[in-house]
> 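Just passing along the structure, written as structure tokens.
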Amino acid sequence: MGSKWRKVKLALGLNLCVYGPNNHVVDNDDDDEDSLPPSERRSDAALLSPPPGDWTSAPPTPASNKLRLSKSLSRSSSKKTCSICLASMRRGDGQAIFTAECSHSFHFQCIASNVKHGNQICPVCRAKWKEIPLQGPNLDSPAGRARINPVDWPQNNDMMTVIRRLPPPRSNSTRHVAPLFQAPEPAIFNDDESLDHETNSTDRSFSNKGPVDCDDNRRKVSIMTYTEVSAVPRSSSSDSFTVLLHLKAPVSNSWHNTSRNDATLPKISQTPRAPVDLVTVLDISGSMAGTKLALLKRAMGFVIQNLGPNDRLAVIAFSSTARRLFPLRRMSEAGRQQALQAVNSLVANGGTNIAEGLRKGAKIMEDRREKNPVASIILLSDGQDTYTVNNIGGNQNRPNYQLLLPLSIRPDETSGFKIPVHAFGFGADHDASSMHSISEISGGTFSFIETEGVIQDAFAQCIGGLLSVVVKDLHVKIECVHPTIHLCSLKAGSYPNRVLSNQRVGSVDVGDLYADEERDFLVSVNVPTEISSNETSLLKVSCVYNDPLTKESVTLEGEEVRIKRTDVARQEDISIEVDRQQNRIRAAEAMAQARTAAENGDLAGAVSILENIRKVLSETVSAKSHDRLCIALDAELKEMQERMASRHVYEASGRAYILSGLSSHSWQRATARGDSTDGSSLVQAYQTPSMVEMVTRSQASLLGSPSAQRLLRPVWSFASQPKPR
């Protein structure tokens, strides 16, 4: 029984929850696997993650290489397998093997990297080592060569050292705990790997040099407007007439069900996309130990495997302090191996210093020498910052969460959004208010990962969007046409917007758009009487943005918004498009009011607010037409009511669920909350085809069938699906 339990723990901790480098060997089902040359072997982890070569055209996984769990579990603890990278160890393969004092063996390079990240215990039996393997720097490395391995040392297996750790000095005082990370950091993070300015023409999935048809309307933002009614009597006037401004980003790539291996699997067209600079800021405090950290490693493995060679990644791990695991570097084959090794070596301990983690993440973005067109930070934490918010700012009843966000990545009036931080609150103990504030201030989204097992799906949805940015720095301008018309209000959620003092001109800073994303803004204007004309011109809408592929500025002019003027009054049908967005705004405002009531201790009042808005929505035109968004809003409001059943339930999940919903509706962008990433969930507002595709790949990653394995190949260009309205 004990032996079986150890194998299960090993599988959960090492095999099933992490990705490993996939350029090594595999424990085949046959006993003569050692006779295969190293180039023909693959690890079991490689069966869970895509091959590093030409992933879009790789052949299907042969039947002989199907993952057999029982074999994997039993062999993972044998001396033939390195428990860190999950590749087999065979003398003569050109890799040094380190055998610890507890008799467990590892590749020297793997265990040295593990130790450099603070692990000084055996990954298998957790025995504390006295002799520690270290890999020293190559002092004769070529001048000017970037050092881009996890500890900023060149990979050189010739330099190996085993250091015997001295016992700590005896003292009656509390023993000082050594910092988690030992390798020194540079003062300036300007060691980012250079961008590939001469991308191979065959790698068009990542190239920003590929041919782009700028005259193709499918590559342009579409502008549409809807008035609440189509006609108004000449003798009538209105002080609040609603106009809907609808924007839609260019579509993503098309599905082609013509795969020669399986007609049910999509064959992705090869078109360019904008590469990404991504920094992940990960909480590895003591509360993350065990299953949480293992699932985080697995989720990060999925992210790493789905970034392309022109995308760049850096990882910040924070607990009581923060440390950069490796510089911002391209996710080439070597880059992915390094990233996987660094992430897999993480150990949980210490407190929670979110501010320090974000400071290091912002510093990477600020100090980088070159910049990809898209940049973002992903923050994950399961706790509350005990180093900044509670120690600075005075009033602890109303903490100043802005202190957590570095000035260098905050938006300002001149440059708009800088670096959005997409925050993920993990579990019931995280500080939802602080995480929501961080994302709201920076222009990112806040997701609530309630169930530990969905962390990978939540990350997948996020990067599905980041890897499909088609519009940068979108700015919308709204001008009144008729001389007596003025703007009464402009409802744009969390997007910065303004109306000039003359009330004739307004604007919205939208920022970036993912492929197929839509944005809806409601403008209220006055309508004067019109005696002589058959129509009244209300507004003129235009927008300007940057194309991240061509680097060109694009200016678009929309058609004038007009309404007909009739001689007699008649009942006009209300536009369902306008009614739908009015319902969304009503629901979001009710959510905010209910949250305020709940924070003030009035849970009954909060539930009543949500119940009242549900009744209002049920009587609208879109509800009676069984509009999907209206149905989803009702389901979400009902879920919020249930999460306010008691103070305990609200503190555990209600607050985070509401804040994640507010984040989603205010930015009109998908967030993870509850079962929102589940295909059967009603709460799926704002998901794009690219997000759906990436979540589908995440959910398929735990399957072992050949079809699922082929689906796991990274999607660096995405497919479009019609978005239900």
Side-chain angles (χ1 to χ4, degrees), residues 217 220-248 474-493 495-510 518-545 554-586 589 616 619-622 624-625 627 629-630 668 725:
N217 287 331
K220 293 182 178 179
V221 172
S222 66
I223 304 175
M224 299 185 68
T225 54
Y226 303 87
T227 56
E228 63 176 72
V229 293
S230 59
V232 175
R234 287 193 181 98
S235 59
S236 298
S237 63
S238 174
D239 293 330
S240 179
F241 185 84
T242 303
V243 178
L244 168 64
L245 169 59
H246 175 78
L247 306 174
K248 190 175 190 302
L474 174 61
H475 178 82
V476 180
K477 185 177 181 181
I478 305 157
E479 299 176 274
C480 296
V481 177
H482 193 281
T484 63
I485 287 180
H486 61 269
L487 301 177
C488 301
S489 66
L490 174 56
K491 295 185 177 181
Y495 290 100
N497 62 90
R498 63 196 65 84
V499 175
L500 297 186
S501 58
N502 61 7
Q503 293 187 294
R504 298 274 298 168
V505 179
S507 62
V508 183
D509 294 326
V510 183
E518 302 176 25
R519 295 291 181 268
D520 294 284
F521 306 119
L522 291 179
V523 182
S524 178
V525 299
N526 69 304
V527 176
T529 57
E530 189 73 61
I531 303 301
S532 59
S533 176
N534 292 328
E535 65 177 14
T536 301
S537 295
L538 302 179
L539 302 171
K540 182 173 62 175
V541 181
S542 61
C543 71
V544 59
Y545 63 92
V554 180
T555 301
L556 296 176
E557 298 283 346
E559 297 181 357
E560 280 191 5
V561 182
R562 299 183 176 94
I563 54 171
K564 296 178 181 180
R565 308 307 295 263
T566 59
D567 292 327
V568 295
R570 60 185 181 185
Q571 183 67 32
E572 294 287 343
D573 292 334
I574 298 177
S575 166
I576 192 171
E577 287 82 5
V578 174
D579 187 67
R580 177 189 297 121
Q581 297 307 318
Q582 287 176 329
N583 285 345
R584 176 181 61 82
I585 292 177
R586 292 188 190 108
E589 290 174 347
V616 171
E619 299 298 324
T620 60
V621 173
S622 54
K624 294 177 181 179
S625 302
D627 177 69
L629 176 59
C630 196
Q668 299 180 56
R725 299 286 294 177

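Worth saying up front: this structure is predicted, and the values here are computed from it rather than measured.
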> Does the side chain of Glu559 reach to within under 4.5 Å of the side chain of Lys540, using non-hydrogen atoms?
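Side chain of Glu559 against side chain of Lys540, heavy atoms only: no contact under 4.5 Å found.
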> Would a 4.5 Å heavy-atom cut-off, applied to side chains only, mark Ser533 and Arg565 as touching?
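SC-SC contact between Ser533 and Arg565 ruled out.
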> Would you say the side chains of Glu560 and Ser537 form a donor-acceptor pair under 3.5 Å?
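Result is yes, a qualifying pair exists.
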> Under a 4.0 Å N-O cut-off, is there an ion pair linking Glu535 with Arg562?
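Arg562 and Glu535: salt-bridged.
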> Search all heavy atoms of Gln668 against all heavy atoms of Arg519 and return the closest pair with its distance.
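In this case the closest contact between Gln668 and Arg519 is O-NH1, 2.7 Å.
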> When you compare the side chain of Thr225 with that of Leu244, does any pair of heavy atoms fall below 4.5 Å?
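No, every pair of side-chain atoms sits at 4.5 Å or beyond.
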> Does Ser236 use its side chain to pair, donor to acceptor, with the backbone of Val232 at less than 3.5 Å?
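Here the side-chain-to-backbone pair does not exist.
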> Per the side chain to side chain contact (heavy atoms under 4.5 Å, CB included) rule, which among Leu500, Asn502, Leu539 passes with Leu487?
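The passing option is Leu539.
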> Just wondering, do Ile478 and Phe521 contact through their side chains at under 4.5 Å, heavy atoms?
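Phe521 vs Ile478: side chains apart.
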> Does some side-chain heavy atom of Leu247 sit less than 4.5 Å from a side-chain heavy atom of Glu518?
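The answer is no, as the side chains (C-beta and beyond) never meet within the 4.5 Å cut-off.
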> Could you check if a side-chain atom of Arg586 sits within less than 4.5 angstrom of a side-chain atom of Gln581, using non-hydrogen atoms only?
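No; the side chains remain at least 4.5 Å from each other.
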> If I take atom CD from residue Glu228 and atom CG from residue Asp579, how far apart are they, to the nearest 0.5 angstrom?
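The CD atom of Glu228 sits 10.0 Å away from the CG atom of Asp579.
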> Between the side chains of Asn583 and Arg580, is a donor N or O closer than 3.5 angstrom to an acceptor N or O?
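No, because no side-chain N or O of Asn583 sits under 3.5 Å from a partner of the opposite role on Arg580.
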> Which atom names give the shortest non-hydrogen contact between Thr566 and Ala231, and what distance separates them?
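In terms of heavy atoms, the two residues are closest at CG2-CB, 3.9 Å.
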> Could you walk me through whether Thr555 and Ser542 pass side chain to side chain contact (heavy atoms under 4.5 Å, CB included), step by step?
CA-CA 7 Å; Thr555 301; Ser542 61; 5.7 Å; no
> Check Asp573 against Val229 and note the closest heavy-atom contact, atom names and distance.
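Nearest pair, atom of Asp573 first, then Val229: O-CG1, 4.0 Å.
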> So, taking the atom named CG in Leu522 and the one named OH in Tyr226, what distance separates them when rounded to the nearest 0.5 Å?
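Here the rounded value is 13.0 Å.
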> Could you give the distance from OG (Ser622) to CD (Glu577), rounded to the nearest 0.5 Å?
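Going from the OG atom of Ser622 to the CD atom of Glu577 covers 10.0 Å.
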> What is the distance from atom CD of Gln582 to atom OG1 of Thr620, rounded to the nearest 0.5 Å?
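Here the rounded value is 9.5 Å.
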> Quick one: do the Thr242 and Ser524 side chains pair a donor with an acceptor below 3.5 Å?
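No, Ser524 and Thr242 have no side-chain donor paired with an acceptor closer than 3.5 Å.
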> With side chain to side chain contact (heavy atoms under 4.5 Å, CB included) as the test, would you mind laying out the steps for Val544 and Val554 before giving the verdict?
CA-CA 6 Å; Val544 59; Val554 180; over 6 Å; no
> Does Asp239 form a side chain to side chain contact (heavy atoms under 4.5 Å, CB included) with Cys488? I'd like the steps, not just the answer.
CA-CA 8 Å; Asp239 293 330; Cys488 301; 5.7 Å; no
> Ser238 side chain to Ser240 main-chain N or O, any donor-acceptor pair under 3.5 Å?
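Checking the backbone N and O of Ser240 against the side chain of Ser238, a donor-acceptor pair under 3.5 Å is found.
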> Over all heavy atoms of both residues, which pair between Ser507 and Leu490 is shortest? Give the atoms and the distance, please.
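Result for this residue pair: O-CD2, 3.7 Å.
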> Which heavy-atom pair separates Ser575 from Thr227 by the least distance, and what is that distance?
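So the two residues come closest at CB-O, 3.3 Å.
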> For Ile223 and Gly558, which heavy atoms make the closest approach, and how far apart are they?
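In this case the closest contact between Ile223 and Gly558 is CD1-N, 4.2 Å.
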> Yes or no on salt bridge (Lys or Arg N to Asp or Glu O under 4.0 Å) for Arg584 and Asp520, after CA distance, side-chain angles and deciding distance?
CA-CA 10 Å; Arg584 176 181 61 82; Asp520 294 284; 5.6 Å; no
> Is there a donor-acceptor contact under 3.5 Å from the side chain of Arg504 to the main chain of Ile485?
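Such a contact is found between Arg504 side chain and Ile485 backbone.
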> How far does CG of Leu538 sit from CD1 of Ile563, to the nearest 0.5 angstrom?
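Spacing of CG (Leu538) from CD1 (Ile563) equals 4.5 Å.
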> Flag the pair Arg498 / Asp509 as yes when at least one side-chain heavy-atom distance between them is below 4.5 Å, and no otherwise.
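Yes, side chains in contact.
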> Is there a side-chain contact between Cys543 and Leu556 in this structure, where contact means two heavy atoms from C-beta onward sitting under 4.5 Å apart?
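Sidechains of Leu556 and Cys543: in contact.
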> Does the side chain to side chain contact (heavy atoms under 4.5 Å, CB included) test come out yes or no for Glu619 and Lys624, once each step is laid out?
CA-CA 7 Å; Glu619 299 298 324; Lys624 294 177 181 179; 4.1 Å; yes
> Say you draw a straight line from CD of Gln503 to OG of Ser489; how long is it, rounded to the nearest 0.5 Å?
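Reported value, rounded in 0.5 Å steps: 10.0 Å.
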> Check whether Asn526 reaches the backbone of Thr484 with its side chain - one donor and one acceptor, N or O, closer than 3.5 Å.
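Between the backbone of Thr484 and the side chain of Asn526 there is a qualifying donor-acceptor contact (under 3.5 Å).
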